[in-house]
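Atoms within each ligand, like the ligands themselves, are counted from 1 in listed order. The structure displayed is predicted, hence computed values, not measured ones. The first residue in the sequence is number 1, and the count goes up from there.
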Amino acid sequence: MKNEADIKIAVYPGSFDPVTKGHLDILERASSMFDKVIIAVLKNNSKKSYLPTADRVELIRQSIEEIGINNVEVDSFDGLTIDYARKTGAKFLIRGLRAVSDFEYEMQLSQTNQAIAPEIGTVFLITKPKYNFISSGIVKELSSFGEDVSKFVPKSVVEYLQKNKK
Ligand code: ADP
């Protein structure tokens with residue numbers, strides 16, 4: 001048994017508006033690297049969200065059940081990611097990288113976090129090529145035109161988007 005202090009916790013923060021198969025692939029891989037991963041939905045950032053926070057959280061919960069991973073918790077938070085990470089005792093943040101365009105933004109974010117919270121590191125996982133082009137934005141766009149998005153998002157999200165057509 002590990003001491004509480006030795007438990008390696010990582011926070012995977014994001015908008016998850018909605019969660020996609022790309023996010024879940026990163027989550028699954030992170031869950032095999034850490035004792036516990038907290039996937040944390042950012043409540044209010046500069047982007048206006050499409051789905052309410054509670055729904056984004058619930059859809060992640062259902063998707064995790066679908067895949068069957070058990071060292072993952074779902075939560076939501078306000079404010080700075082590093083403040084949230086400190087509260088949970090996490091020493092790592094997880095971020096996914098799809099393309100060079102993600103890299104520039106992610107490097108700036110990670111270096112800012114390093115400057116403010118040197119005890120918390122960021123671990124970058126590179127997406128699988130088959131998920132490279134998937135983003136929550138593309139899913140929202142396709143779904144708003146009635147397109148089938150089941151290749152890109154878990155079953156729970158497909159059903160949710162069908163029920164809550166905007
Ligand atoms: P944010 O608003 O913080 O960018 P997102 O929900 O868009 O939140 O993404 C959360 C994290 O997941 C980011 O690190 C992002 O790069 C990563 N991500 C998003 N889509 C994919 C994908 N298809 N494959 C791998 N990582 C992804």
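When only interatomic distances are considered, the shortest N/O to N/O separation between Tyr131 and ligand 1 falls below 3.5 Å. Checking only distances, Leu97 never comes within under 3.5 Å of ligand 1, N or O to N or O. Any N or O atom pair closer than 3.5 Å counts here, and Arg98 shares at least one such pair with ligand 1. Ligand 1 has a nitrogen or oxygen under 3.5 angstrom from a nitrogen or oxygen of His23. By the 3.5 Å distance cut-off applied to N or O atoms, Pro13 is not counted among the residues near ligand 1. Annotation: Ile134 places an N or O atom under 3.5 Å from an N or O atom of ligand 1; distance criterion only. For ligand 1, the polar-atom distance check finds an N/O of Thr127 within less than 3.5 Å of one of the ligand's N/O atoms. Residue Ser15 places at least one N or O, backbone or side chain, under 3.5 Å from an N or O of ligand 1.
In this structure a side-chain-to-backbone donor-acceptor pair under 3.5 Å is missing from Arg86 to Thr81. With hydrogens and angles disregarded, a donor-acceptor distance shorter than 3.5 Å links the side chain of Arg56 to the backbone of Leu42. In terms of modelled atom types and a separation under 3.5 Å, the side chain of Ser143 and the main chain of Lys140 share no donor-acceptor contact. Here the side chain of Asn71 pairs a donor or acceptor atom with the backbone of Phe34 at under 3.5 angstrom.
Annotation for ligand 1: atoms under 4.0 Å from non-hydrogen atoms of Gly22 are 22 (C), 23 (N), 24 (N), 25 (C). Proximity to Phe16 (heavy-atom distance under 4.0 Å) selects the following atoms of ligand 1: 6 (O). Residue-ligand proximity, Tyr12 to ligand 1, at heavy-atom distances under 4.0 Å covers atoms 11 (C), 12 (O), 17 (C).
Here the options are Arg95, Gln114, Glu106, Gln111, the test is side chain to side chain contact (heavy atoms under 4.5 Å, CB included), and the partner is Thr122; only Arg95 passes.
Contact check for Ile38 versus Ile9: side-chain heavy atoms found under the 4.5 Å cut-off.
Contacts between Phe133 and ligand 1 below 4.0 angstrom, taking non-hydrogen atoms only, are absent altogether. Neither the backbone nor the side chain of Lys21 has a heavy atom within less than 4.0 Å of ligand 1.
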Given ring pair (Phe, Tyr, Trp, His ring centres under 6.0 Å), test Phe103 with Phe124 step by step and report yes or no. CA-CA 10 Å; Phe103 180 79; Phe124 292 102; 7.3 Å; no

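Side-chain atoms of Asp78 and Tyr84 form no donor-acceptor pair, as typed in the model, at a separation below 3.5 Å.
Here the closest heavy-atom approach between residue Thr20 and residue Val153 is recorded as CA-CG1, 4.0 Å.
Summarising the contacts of atom 4 (O) of ligand 1 with Arg95, Arg56, Glu106, the nearest heavy atom is found in Arg95. The option from Asp17, Asn132, Ile26 that lies nearest to atom 26 (N) of ligand 1, judged by heavy atoms, is Ile26.
Remark: Glu73 engages Lys36 in a salt bridge, criterion side-chain N to carboxylate O under 4.0 Å.
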